[in-house]
Amino acid sequence: MTDYPGKTAVAEQGWLKAHRFLLLRRFNQFGVLFMFLLGPLFGAWLVTGTLSSSMTLDILPLTDPLLLTQSMLSGTWPAMTGLIGALLVLVFYAVLGGRVFCSWVCPVNLITDLAAWLRRRFDIRSGARLSRNLRWWLLGLVLAFPPLTGVMVWEYVNPVSMLHRGLIFGFGWAWLILLAVFLYDLFLVRRGWCGHLCPVGACYALIGAKSPVHVAATGRERCDDCMDCFDICPEPQVIKPALKGAAAGLGPRIASLDCTRCGRCIDVCSKDVFQLKIKS
Amino acid sequence: MSAPKSNAPVRQGLSRRQFIGETLKTACAVGLVGLGLGLYSRRASSLPAWALRPPGALAEEDFDGACIRCGLCVRDCPYDMLHLARLGQDIPTGTPYFIAREAGCEMCEDIPCVVACPTNALDHALTDIRDADMGLAVLIDQEACIAFQGLRCEVCFNICPVRNEAISLNLQHNARSGKHALFIPVVHSEHCTGCGKCEEACILDQAAIKVLPRHLAQGKLGEHYRLGWEQKQQAGGALVAPDAEHRYNLPEGMRYDHAGEGLIDAPASAPADTPFPANPLDSLNRRGPL
Ligand code: SF4
Ligand code: SF4
Ligand code: SF4
Ligand code: SF4
Ligand code: SF4
């Protein structure tokens, strides 16, 4: 590995600064997992349930809105805790940016980030091209199943709940699905799952469509075209309008729904072009 | 100015055609994926008879659409007898179940599993655990159950949380010894909640009493059937013309009484309209042709 995105930033600004968002993110991801695992592993039941629906300290219900929507579309009106839980999650991600879930909470991100890192590390360039719009189609499919078939079909394969439930309640053969996602991301399509297919991420992207929290290329005139941000970004198509759109009157705000607010572009840029901002 | 204007529709036309083509291709691919998923889910969504749902669970077709596989019910069960199905098991992945023989439901008064459920897949309308319907116990193997051998067991009867209503003991004659009783456990479908405690507790190596989904365990009388004696009791009298008394072909002076008294000798006082004298010797000593 002679050259990797962020190398210049590490050299000029130090390893810690060039990884600060990554570290925060990993801390958050493992922290959330740890909270959920406290009960099953150590008998300290702060949080029960899974990301699908959980109860914290017997008082705070949180429910995945996409799952509850599927449940409702199958024809069952939820209980009050479910409704409140889904509403809290909706508000939370509507404010922070929907795909914050993907890069800061979702456990599958650990797997797909690992695949992306291995791709960069071993320079694996093979692979097919897929439309990033497929996730919207899949989201439509996921939502069409419950009213049409009465069955929550997506939950028979959903890698997100398979992984989280697997860690807390035991995997069975669910690890096969995650292995498939990993290999697919590693060899077939770069950022193939989270960046192209995952309907859970697509749903959260919609939820956060109007979020005031965003990343902006505020220092874009300093950009020296090193391409590190494009190389590290899980959704590189979102950067171009913000970074290079000055002439067309675009940016500097990264306006696309797809941006996960992972902050890696901020990390790896040695020219401090990017910033996390809150629209006033 | 004019060149781009005239070019634009051509380029747009091409790209629109491409766009529609791409969209159709994608739609087909997604449709195929959907078909595959749908077919897989049909196979994967059937619940085997040995797995029971927690109390209050909706009918299986509805449950499969409503449950979001969160595991909250499993966690809130104080007896830890519920499990979440894993991929590869015969049970729909991620859904809660229990196995009666391993640990039955203790029928908590406050039904914490139902209270925990965020989706109403476990219906919050269930407030009295005695109304739960997880299945129906059936004493399925009368050859193995030792009560049928005339031995005193009644463990299933005694452990039942709805003792004497869901299971009662039926005394029967022990034909083998001729002088003892059989204490036969009998399940009553209107009171059994399917909690599975009886199956869990049965003392045999393989339980003789098992909890099955109600649709497998329960029979149903044809709609048109009426039980005469019940109808009679409801109506306070016979609904059809009373039976004409049957006339038996009996020796003169005798009759057969339905009321259980058996063959009755008519009282001697009745005038005997018979060619035979009362004293048999008279007949024997009689002269003249017989
Ligand atoms: S633009 Fe930056 S914050 Fe957004 S997904 Fe890409 S790297 Fe992450
Ligand atoms: S009623 Fe009690 S024992 Fe039965 S499943 Fe619910 S929580 Fe568990
Ligand atoms: S609590 Fe309800 S939604 Fe969650 S797993 Fe149990 S039955 Fe399903
Ligand atoms: S399952 Fe067995 S123990 Fe439970 S209520 Fe029915 S008869 Fe009683
Ligand atoms: S516990 Fe088993 S063996 Fe004993 S009476 Fe009940 S069914 Fe028969």
Side-chain angles (χ1 to χ4, degrees), chain A residues 39-40 45 48-55 61 63-64 67-68 70-86 131 133-134 137-138 140-142 144-158 161-162 165-166 168-177, chain B residues 22-23 25-46 58-77 82-89 91-96 114-125:
Chain A
W45 295 102
T48 55
T50 59
L51 281 176
S52 305
S53 188
S54 63
M55 180 60 87
T63 301
D64 184 301
L67 280 168
L68 197 71
Q70 290 175 70
S71 174
M72 291 166 79
L73 284 174
S74 86
T76 305
W77 185 252
M80 202 37 100
T81 49
L83 279 177
I84 295 175
S131 161
N133 288 331
L134 274 173
W137 289 84
L138 282 181
L141 195 66
V142 165
F145 273 126
L148 291 182
T149 66
V151 176
M152 204 178 283
V153 173
W154 177 237
E155 281 312 293
Y156 286 112
V157 288
N158 184 359
S161 45
M162 287 285 173
R165 192 172 52 236
I168 293 169
F169 285 98
F171 274 102
W173 290 99
W175 60 270
L176 276 177
I177 292 188
Chain B
E22 284 298 312
T23 308
K25 257 193 259 171
T26 315
C28 285
V30 172
L32 279 178
V33 170
L35 197 68
L37 274 180
L39 287 177
Y40 169 67
S41 81
R42 288 205 78 82
R43 292 187 55 104
S45 65
S46 57
L58 301 176
E60 192 52 28
E61 322 75 89
D62 299 331
F63 185 85
D64 213 337
C67 169
I68 59 173
R69 286 88 165 142
C70 65
L72 281 171
C73 52
V74 175
R75 287 301 182 222
D76 277 22
C77 171
L82 295 174
H83 319 283
L84 276 197
R86 300 169 182 191
L87 190 67
Q89 276 181 311
I91 307 161
T93 308
T95 57
V114 171
V115 174
C117 178
T119 60
N120 263 330
L122 306 182
D123 197 344
H124 286 231

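Keep in mind it's a predicted model, so treat the numbers as computed, not measured.
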- Side chain, backbone, both or neither of B/A27 within contact of chain A (heavy atoms, under 4.5 Å): both
- Pick one of side chain, backbone, both or neither for A/L67, based on which atoms fall under 4.5 Å of a heavy atom in chain B. both
- Item | Residue selection (most heavy-atom pairs with chain B, distance under 4.5 Å) from A/S161, A/G172, A/P78, A/A174 | A/P78
- For B/Y40, is it the side chain, the backbone, both or neither that has a heavy atom under 4.5 Å from a heavy atom of chain A? side chain
- Task: Let me know if A/I84 has heavy atoms under 4.5 Å from chain B in its side chain, its backbone, both or neither.
- Result: neither
- Part of B/C117 within contact of chain A (heavy atom distance under 4.5 Å): backbone
- Heavy-atom proximity to chain B below 4.5 Å, by part of A/Y156: both
- Query: Side chain, backbone, both or neither: which part of B/L58 has a non-hydrogen atom closer than 4.5 Å to chain A?
  - Reply: side chain
- Item | Residue part contacting chain B, namely of A/T48, when any heavy atom lies under 4.5 Å | both
- So what's closer than 4.5 Å to chain B heavy atoms on A/I177: side chain, backbone, both or neither? side chain
- Message: Using heavy-atom distances under 4.5 Å, tell me whether B/Q89 contacts chain A through its side chain, its backbone, both, or neither.
- Response: neither
- Is there a donor-acceptor contact under 3.5 Å from the side chain of B/R86 to the main chain of A/F169? yes
- Side chain from CB out, backbone as N, CA, C, O: work out which of these in A/V151 comes under 4.5 Å of a heavy atom of chain B, or both, or neither. both
- Query: chain B: which of A/S52, A/G85, A/P40, A/P146 shares the most heavy-atom pairs with it under 4.5 Å?
  - Reply: A/S52
- Proximity breakdown for A/W175 and chain B, heavy-atom pairs closer than 4.5 Å: neither
- Message: How long is the straight-line distance from OG of A/S71 back to CG of B/D62, given to the nearest 0.5 Å?
- Response: 10.5 Å
- Message: Using heavy-atom distances under 4.5 Å, tell me whether A/M162 contacts chain B through its side chain, its backbone, both, or neither.
- Response: side chain
- By a 4.5 Å heavy-atom criterion (distance strictly below it), what part of A/S54 contacts chain B: side chain, backbone, both, or neither? backbone
